[in-house]
Colleague: 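Following this message is one structure expressed as structure tokens.
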Amino acid sequence: MKTTDTPPSGPSGSPSDADAAKVPAQRTATVSKGSSPPAKKSEGQVLNVFSHGMLILWAIMVVLPLFWAVMSSFKTDADIFNTPWSLPDSLNFDSWGRAWSQAHMSEYFLNTILVVGGSLTGTLVLGSMAAYVLARFEFPGNRLIYFLFVGGMSFPIMLALVPLFYVMDNMGLLNTIHGLILVYIAYSLPFTVFFLTSFFRTLPTSVAEASIIDGASHTRTFFQVMLPMAKPGLISVGIFNFLGQWNQYMLPTVLNTDPDKRVLAQGLVELASSQGYKGDYSGLFAGLVIAMLPVLAAYIIFQRQVVSGLTAGALK
């Protein structure tokens, strides 16, 4: 009789049917282990939708009042009360003219430009010089001076108003533009030094060392080499100081009581209180937009520099 040989199974021969059936199962298990679980992907999508929704809600809360103020500045007083949420039928610039000339917003605007321009320049020059020394040079008292600047950030300005008033009065700086500039510089220096000290520490030291080796003095190295490299940080801290100094109300109210030298924040309060029962709300909205436009323009122009300056400290 003719017998049929059965193929051997096991390690020495070809795989059996049972072993062959296990191979696809093992491959399927391996693929399933390497792929990401669908649950994590759905959680990420839910979190992404939630974060975008919160950002959209925050943008609406910020933009809607600004848009309403600009829209109301082109309306008449009757339109503001009758149809407060509708667009103006026509652009009415009479309210802008009344706010600019009759309410003396032009004078307040010029005074604010002088005060903020001088104080911002002095703050950036003095703050960058102090921050560079504290960040680059080791000397006795370095950390003490740094922490004194940091402590100045936590000192409430309300506690200094009364002694500051008498100091300014004794020095003859009360109700003067240059006196207000000096106060603004002193008020903004702690944050400026704190911010720029951390920024200067991220800059490469090899560039400054190469400049010193080539014969440049420390002053020339700072102004011609290190200061241009710190441009993103200067723009960022300059924007923050500009916002704080432009919107400052408490300091000029106490230290600047001369009506001819008022700044925009004082002018807006004067415009609102002088209306009495007349209710020139369109002029008030126009004055508010006039005071708000430089701040919005500065942030729109330098928004990329602000972001790069804030994130530069994380990259070295």
Side-chain angles (χ1 to χ4, degrees), residues 59-121 174-181 183-184 187 238-303:
I60 293 174
M61 292 173 62
V62 172
V63 174
L64 187 60
L66 300 180
F67 178 75
W68 183 71
V70 175
M71 182 180 64
S72 300
S73 66
F74 293 105
K75 291 183 177 181
T76 61
D77 293 337
D79 293 336
I80 291 176
F81 285 99
N82 295 330
T83 56
W85 301 109
S86 64
L87 295 174
D89 298 331
S90 61
L91 298 180
N92 180 23
F93 289 95
D94 294 338
S95 57
W96 287 70
R98 292 195 308 272
W100 186 255
S101 59
Q102 298 179 11
H104 308 288
M105 294 298 292
S106 58
E107 301 175 7
Y108 303 149
F109 193 89
L110 178 60
N111 292 337
T112 307
I113 289 291
L114 294 176
V115 172
V116 175
S119 61
L120 190 61
T121 303
L174 205 62
N175 299 325
T176 60
I177 296 295
H178 55 278
L180 203 58
I181 289 175
V183 173
Y184 277 19
Y187 174 75
I239 291 295
F240 290 131
N241 286 327
F242 175 77
L243 296 177
Q245 295 174 3
W246 187 273
N247 298 323
Q248 183 61 242
Y249 173 71
M250 186 178 301
L251 288 175
T253 300
V254 176
L255 306 175
N256 185 29
T257 58
D258 189 352
D260 296 331
K261 298 177 181 178
R262 288 171 176 167
V263 295
L264 272 176
Q266 294 174 285
L268 287 176
V269 175
E270 178 66 20
L271 178 61
S273 60
S274 64
Q275 299 302 320
Y277 293 100
K278 292 184 294 185
D280 188 7
Y281 292 99
S282 58
L284 181 60
F285 278 114
L288 177 63
V289 175
I290 290 173
M292 183 177 59
L293 283 179
V295 176
L296 293 178
Y299 185 77
I300 291 173
I301 294 173
F302 298 107
Q303 58 177 338

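These numbers come from a predicted model, not from an experiment.
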Colleague: Could you tell me which non-hydrogen atom of Ala99 sits nearest to which non-hydrogen atom of Ile290, and how far apart they are?
Modeller: CB-CD1, 4.4 Å
Colleague: Does Val289 reach the side chain of Trp96, with side-chain heavy atoms less than 4.5 Å apart?
Modeller: yes
Colleague: Give, for atom OG of Ser86 and atom CG of Asp79, the distance between the pair rounded to the nearest 0.5 Å.
Modeller: 7.0 Å
Colleague: Grab the two heavy atoms, one from Ala298 and one from Phe242, that are nearest each other, plus how far apart they are.
Modeller: CB-CE2, 3.9 Å
Colleague: State, yes or no, whether a side-chain contact exists between Phe74 and Phe285 at a heavy-atom distance under 4.5 Å.
Modeller: no
Colleague: Could you check whether the rings of Trp68 and Trp85 sit parallel, tilted or perpendicular, using 30° and 60° as the cut-offs?
Modeller: tilted
Colleague: Quick one: sort the Trp100 and Phe109 rings into parallel, tilted or perpendicular, breaks at 30° and 60°.
Modeller: tilted
Colleague: At what distance, to the nearest 0.5 angstrom, does CZ of Arg262 lie from OG1 of Thr257?
Modeller: 8.5 Å
Colleague: State the CG-CG distance between Asn256 and Leu174, to the nearest 0.5 angstrom.
Modeller: 8.0 Å
Colleague: Of the non-hydrogen atoms in Ile80 and Pro84, which two are nearest, and what is the gap between them?
Modeller: O-CB, 3.2 Å
Colleague: For Leu255 and Leu180, which heavy atoms make the closest approach, and how far apart are they?
Modeller: CB-CD1, 4.4 Å
Colleague: Any non-hydrogen side-chain atom of Ser73 less than 4.5 Å from a side-chain atom of Leu288?
Modeller: no
Colleague: Under the side-chain contact (heavy atoms from CB on, under 4.5 Å) test against Gln245, which residue among Leu120, Ile181, Val263 passes?
Modeller: Leu120
Colleague: Looking only at non-hydrogen atoms, find the nearest pair between Leu87 and Met71 and report the distance.
Modeller: CD2-SD, 3.6 Å
Colleague: Would you check if Gln248 and Val116 make a side-chain contact, meaning some heavy-atom pair closer than 4.5 Å?
Modeller: no
Colleague: If you count every heavy atom of other residues, nucleotides or ligands that lies below 6.0 Å from Asp89 atom CG, does the total exceed 12?
Modeller: no
Colleague: Does a side-chain heavy-atom distance below 4.5 Å link Leu268 with Met105?
Modeller: yes
Colleague: Got Lys75 and Pro88 here, is their nearest side-chain heavy-atom distance under 4.5 Å?
Modeller: yes
Colleague: To the closest 0.5 Å, what do you measure between NE2 (His178) and OG (Ser119)?
Modeller: 14.0 Å
Colleague: Output yes when a side-chain donor or acceptor of Asn111 lies under 3.5 Å from a complementary backbone atom of Asp260, and no otherwise.
Modeller: yes
Colleague: What are the two closest heavy atoms between Leu243 and Val295, and how far apart are they?
Modeller: CD2-CG1, 2.9 Å
Colleague: Using a 4.5 Å cut-off on heavy atoms from C-beta on, say whether the side chain of Ile113 contacts that of Trp246.
Modeller: yes
